[in-house]
Amino acid sequence: TDYNADYDADYGTDATHYGTDYDADYDTAQAYEEICEILQIDEAELKLKEYGFQQNISFKELIHTVQNGNTNGVVGLFLSMLRDYMFGNINEFRTMMVEVISIVLLGSVFIHLSNSFGNGFVSENGFYVSYLIISSILLTAFSVTLQMVHQTLEQLIILIQIIAPVYAVAMQYLGHPLTATGMYELITIGIFIVQILILKIVLPMIQFYVITSMINHLNKEDMFSKLCKFVQYFVRWILKTLIVFVAGLNVIKSLIEPQMDALSKHAISKLIASVPGGGIVSVLTGTFFGAGAIIKNCIGVAGIILIVGLLFFPILKTFLMMLTARLTAVIIQPIGEKRFVDGVETLAEGMKLLLMALSCSIVLFVLTIAVMAYASKGG
């Protein structure tokens, strides 16, 4: 009692005055700016610009947009980019479809005319010439798409390597060191999966499947269909297993590490509250760390937006290419030989596997960021 009385006599007035100054001068906006400086978001933004990301909106502006709840601006920018992208690529899909249909039509007419004169040798050679021309068109489209997917995944790795440290530092700064460490471990596992398994194993297997299947349809005898089905099944199994594996790790880490961090923070809060004058310190730290929690979540949402924005257009282009191949196969089936249709279907299946590889890559990182953000929602 004597100690509390002496403390009130010596520090009570200053403490009250300090609390008034805090309420008047130290607002939440100032806390936001200080936290952004501590997390060095400007440096991350410079790195993103250095590697060619965010031509339309900066990382810091995106964080403030999410923080202010101005989603209409982001959606409007995204829709305008989508419109320009669609108009820029629709001619490419239409050109490929018209070329394939025209060659199949001319080749079918030539084959039927040759059969009517009883010359099977000429008819078979006509098919080979037509099929080789169609294969060159289809393989060119596949090669361009495969290169686009490869470059996109390499850019995704660079983007994650820039965003993940900022998000991990924000978590650790807010009193979630174990959660931050766990998230960084999961991000590292995701980078390894994309770099080694998807880029080095899955994409070459998809390329092998498409080329082998094209060669198989060139002959009347079916020699490699079982091999192609095995490769196709194995690629799908790898991608599905990776998603299940990473999702399981996220669930396990989100159940343990955030609870351990919460226990440590609770003990520290009790210790601060027990110290004389701890109420003022609790108000200061409460506001500061509350603003930090908002910034942390905004960084996570901004990172997810950048990841989705990076992969959305390659995913859309791959999907439209697959849809174009399916539609072309539907059109040429009544007029062309079965091997023509099977060759076009091979391109569609190859695009489908590339689409699965892109989708798997985006799920690996978005799932990790979302689960860890929800697990550390206590701020």
Side-chain angles (χ1 to χ4, degrees), residues 86 88-150 203-233 235-236 314 316-357:
M86 290 295 294
N89 288 275
I90 193 169
N91 290 329
E92 177 184 351
F93 305 135
R94 183 176 59 187
T95 301
M96 188 193 76
M97 179 185 295
V98 171
E99 288 177 351
V100 172
I101 294 175
S102 301
I103 295 171
V104 170
L105 182 60
L106 292 176
S108 299
V109 171
F110 180 79
I111 291 170
H112 287 302
L113 287 176
S114 300
N115 286 330
S116 64
F117 289 105
N119 196 342
F121 178 76
V122 176
S123 173
E124 193 66 19
N125 284 338
F127 167 79
Y128 286 145
V129 172
S130 302
Y131 188 83
L132 288 175
I133 296 174
I134 293 174
S135 298
S136 65
I137 296 174
L138 299 179
L139 289 176
T140 300
F142 176 78
S143 178
V144 171
T145 307
L146 180 64
Q147 184 178 5
M148 177 196 68
V149 171
H150 197 282
L203 293 187
M205 288 182 68
I206 296 174
Q207 186 178 19
F208 173 80
Y209 161 76
V210 172
I211 295 175
T212 305
S213 185
M214 287 284 186
I215 295 174
N216 183 55
H217 297 316
L218 184 62
N219 301 313
K220 289 184 176 181
E221 296 182 1
D222 189 2
M223 296 184 293
F224 302 111
S225 62
K226 298 298 181 182
L227 175 62
C228 294
K229 288 183 179 179
F230 173 76
V231 173
Q232 187 179 11
Y233 171 80
V235 168
R236 291 180 177 178
L316 179 62
K317 184 172 183 178
T318 307
F319 173 76
L320 291 177
M321 187 68 72
M322 180 189 70
L323 187 63
T324 303
R326 299 283 190 196
L327 184 59
T328 305
V330 171
I331 295 174
I332 67 175
Q333 186 177 17
I335 61 176
E337 191 174 338
K338 181 179 181 298
R339 287 179 286 177
F340 288 140
V341 181
D342 292 338
V344 178
E345 280 288 332
T346 297
L347 176 65
E349 289 296 326
M351 293 298 171
K352 184 178 179 180
L353 293 177
L354 291 178
L355 190 62
M356 291 180 63

Any side-chain heavy atom of [X] within less than 4.5 Å of one from [Y]?
| X | Y | result |
| --- | --- | --- |
| Phe208 | Leu227 | yes |
| Tyr131 | Met214 | yes |
| Ile103 | Ile137 | yes |

Checking Val98 now: which residues fulfil side-chain contact (heavy atoms from CB on, under 4.5 Å) with it, not counting sequence neighbours? Arg94, Ser102
Measuring from atom [atom1] of [X] to atom [atom2] of [Y], what distance do you get when rounded to the nearest 0.5 angstrom?
| X | Y | atom1 | atom2 | value |
| --- | --- | --- | --- | --- |
| Asn216 | Asp342 | CG | CG | 9.0 Å |
| Met97 | Leu323 | CE | CG | 7.5 Å |
| Leu354 | Ile206 | CG | CD1 | 4.5 Å |
| Leu138 | Glu99 | CG | CD | 10.0 Å |
| Ile331 | Gln333 | CD1 | CD | 11.5 Å |
| Phe319 | Leu355 | CZ | CG | 8.0 Å |

What are the two closest heavy atoms between Ala325 and Leu347, and how far apart are they? CB-CD2, 4.2 Å
Give me the atom names and distance for the closest heavy-atom approach of Thr212 to Cys228.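 Smallest interatomic distance, heavy atoms only, reads CG2-SG, 3.8 Å.
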For Thr145 and Ala141, indicate whether the former's side chain and the latter's backbone hold a donor-acceptor pair under 3.5 Å. yes
CA sep, side-chain torsions, deciding dist, call: Phe142, Gln207, side-chain contact (heavy atoms from CB on, under 4.5 Å): CA-CA 8 Å; Phe142 176 78; Gln207 186 178 19; 4.1 Å; yes
Do Tyr209 and Val235 pass the side-chain contact (heavy atoms from CB on, under 4.5 Å) test, and can you show the C-alpha distance, the side-chain angles, and the key distance before you say yes or no? CA-CA 10 Å; Tyr209 161 76; Val235 168; over 6 Å; no
Enumerate the side-chain hydrogen bond (donor to acceptor under 3.5 Å, both in side chains) contacts for residues 346-356, please, sequence neighbours excluded, ordered by first and then second residue. Ser213-Thr346, His217-Thr346, Gln232-Glu349, Arg236-Glu349, Arg326-Glu349
